[in-house]
Novice: 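After the structure tokens below, expect a handful of questions from me.
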Amino acid sequence: MNVLESKFVQGFIRMATDGNNMGWHERNGGNFSYRIKDEEIEQIKSNLNFESSWSKIGTSVPNLAKEYFLVTGSGKYFRNVELTPEANIAIIEVDETGENYRILWGLNEGGRPTSELPSHLMNHEVKKLATNGAHRVIYHAHTPNMIALTFVLPLEDAVFTRELWETMTECPVVFFQGVGVVDWMVPGGRDIAVATSELMKKYDVVIWAHHGMFCSGEDFDLTFGLMHTVEKAAEVLVKVLAMGGRRQTITPNDFRELADEFNVTLDEKFLFEE
Ligand code: 2HA
Ligand code: ZN
């Protein structure tokens, strides 16, 4: 099968376009990766180039040895993914040591996978282990309302989780584990990848202070939906703070009732009295 005709590639392109339409991907901002299923790779194998040379990932992901990923390209713009996918995204393979990758398809005008490849692959590794292989999508976006909040709220998991949960009734149902926060760090390298993947052991959402967010999920709908929900919560919070703050809210006991009704467990450490 032609690579561009396969369903997972089409789903990936649609999500990149949707993210761009949300205003989350100025210039080359943001990046996105999908851990490809064996049967999906089998269908396109005859169109992949297994002659290309190996490059260093910049970190070690032994639990992703011999896995395949669809990724956005470094310096590429989300707005161009739909127009010329073969120039802006790539299929890569991780070698048997988990230290190197090679490009099997795409980036046909040159280029490398996303500058955040270490964070993407370390997050994939953590999530593959934590979810028994269910999570396949890692998505990084420059979401403006969340970025704004990181200049105002204390950079603590519990504060962000509770503030975001209080903005919309569905929030604690959608991201019941809460959200993690990474202090400002230099992007693109192994250090921020280690910090992010550590938080991904507990959360599906990690906020990068003054930068954006990472979300993890099973498929494109769930992962895009998660980013959208959290960023919308941030937007509501920005408005509430701009209007002078809350005069009434959802209380800890309301959250406990909600958790019972929707069959989710909300950690009591997020339900502190204020
Ligand atoms: O421009 O988003 O974090 C790509 C990025 C780096
Ligand atoms: Zn970024």
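Residues: numbered from 1 along the sequence shown. Whatever order the structure lists them in is the order used to number ligands and atoms, beginning at 1.
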Novice: Enumerate the atoms of ligand 1 whose separation from the nearest heavy atom of Asn31 is less than 4.0 angstrom.
Specialist: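 Within the 4.0 Å cut-off of Asn31, ligand 1 contributes 2 (O), 4 (C), 5 (C), 6 (C).
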
Novice: Going by an N to O cut-off under 4.0 Å, is there a salt bridge joining Arg246 and Glu166?
Specialist: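 Salt bridge flag = yes for Glu166 with Arg246.
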
Novice: Within a distance under 4.0 Å of any heavy atom of Asn28, pick out the atoms of ligand 1 and give their elements.
Specialist: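 Taking each heavy atom of Asn28 in turn, ligand 1 has 1 (O), 4 (C) under 4.0 Å.
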
Novice: With sequence neighbours left out, write down each residue that passes ring pair (Phe, Tyr, Trp, His ring centres under 6.0 Å) with Phe8, or none if nothing qualifies.
Specialist: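 Listed in chain order: Tyr34.
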
Novice: Under the ring pair (Phe, Tyr, Trp, His ring centres under 6.0 Å) rule, what pairs show up with a residue in residues 127-158, not counting sequence neighbours?
Specialist: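 Residue pairs with at least one partner in residues 127-158: His25-Tyr139, Phe32-Tyr139, His140-His142, His140-Trp208, His140-His211, His140-Phe214, His142-His211, Phe151-His210.
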
Novice: Please identify which atoms of ligand 1 are closer than 4.0 Å to at least one heavy atom of His140.
Specialist: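 The atoms of ligand 1 under 4.0 Å from a heavy atom of His140 are 2 (O), 3 (O).
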
Novice: Which protein heavy atom lies closest to atom 3 (O) of ligand 1, and at what distance to 0.1 Å?
Specialist: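 Among all protein heavy atoms, the one nearest atom 3 (O) of ligand 1 is Glu116 OE2, 2.6 Å.
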
Novice: Identify the two heavy atoms, one from Ile57 and one from Gly98, that lie closest to each other, and give their separation to 0.1 Å.
Specialist: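 Scanning both residues, the minimum pair turns out to be CD1-O, 3.7 Å.
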
Novice: With distance as the sole criterion, is a donor-acceptor pair present between the side chains of Glu231 and Asn145 under 3.5 Å?
Specialist: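 Result is yes, a qualifying pair exists.
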
Novice: Is a salt bridge present between Lys128 and Glu125, judged by a nitrogen-to-oxygen distance below 4.0 Å?
Specialist: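 So Lys128 does not pair with Glu125 through a salt bridge.
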
Novice: May I ask you to check whether Phe270 and Trp165 place their ring centres under 6.0 Å from each other?
Specialist: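 Trp165 vs Phe270: aromatic centres under 6.0 Å.
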
Novice: Output yes when the distance from some N or O of ligand 1 to some N or O of Gly30 is under 3.5 Å, and no in every other case.
Specialist: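 Yes, since at least one N or O of Gly30 sits under 3.5 Å from an N or O of ligand 1.
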
Novice: So is His211 in contact with ligand 1, going by heavy-atom distances below 4.0 Å?
Specialist: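 Contact check His211 vs ligand 1: positive.
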
Novice: Please indicate whether any nitrogen or oxygen in His142 is less than 3.5 Å from any nitrogen or oxygen in ligand 1.
Specialist: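 For ligand 1, there is an N or O atom that lies under 3.5 Å from one belonging to His142.
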
Novice: Give a yes/no verdict on a cation-pi contact between Arg162 and Phe272, requiring under 6.0 Å between NZ or CZ and the six-membered ring centre and an angle within 45° of the axis.
Specialist: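 Yes - Arg162 lies over the ring of Phe272, closer than 6.0 Å to its centre and within 45° of its axis.
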
Novice: If hydrophobic residues (ILVMFWY) are linked whenever their side-chain heavy atoms come closer than 4.5 Å, directly or via other members, who joins Leu83 in its cluster?
Specialist: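 Leu83 clusters with nothing; isolated.
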
Novice: What protein atoms of element N, O or S are positioned under 2.8 Å from the Zn ion (ligand 2)?
Specialist: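 For the Zn ion (ligand 2), the protein N, O and S atoms that sit under 2.8 Å away are His140 NE2, His142 NE2, His211 NE2.
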
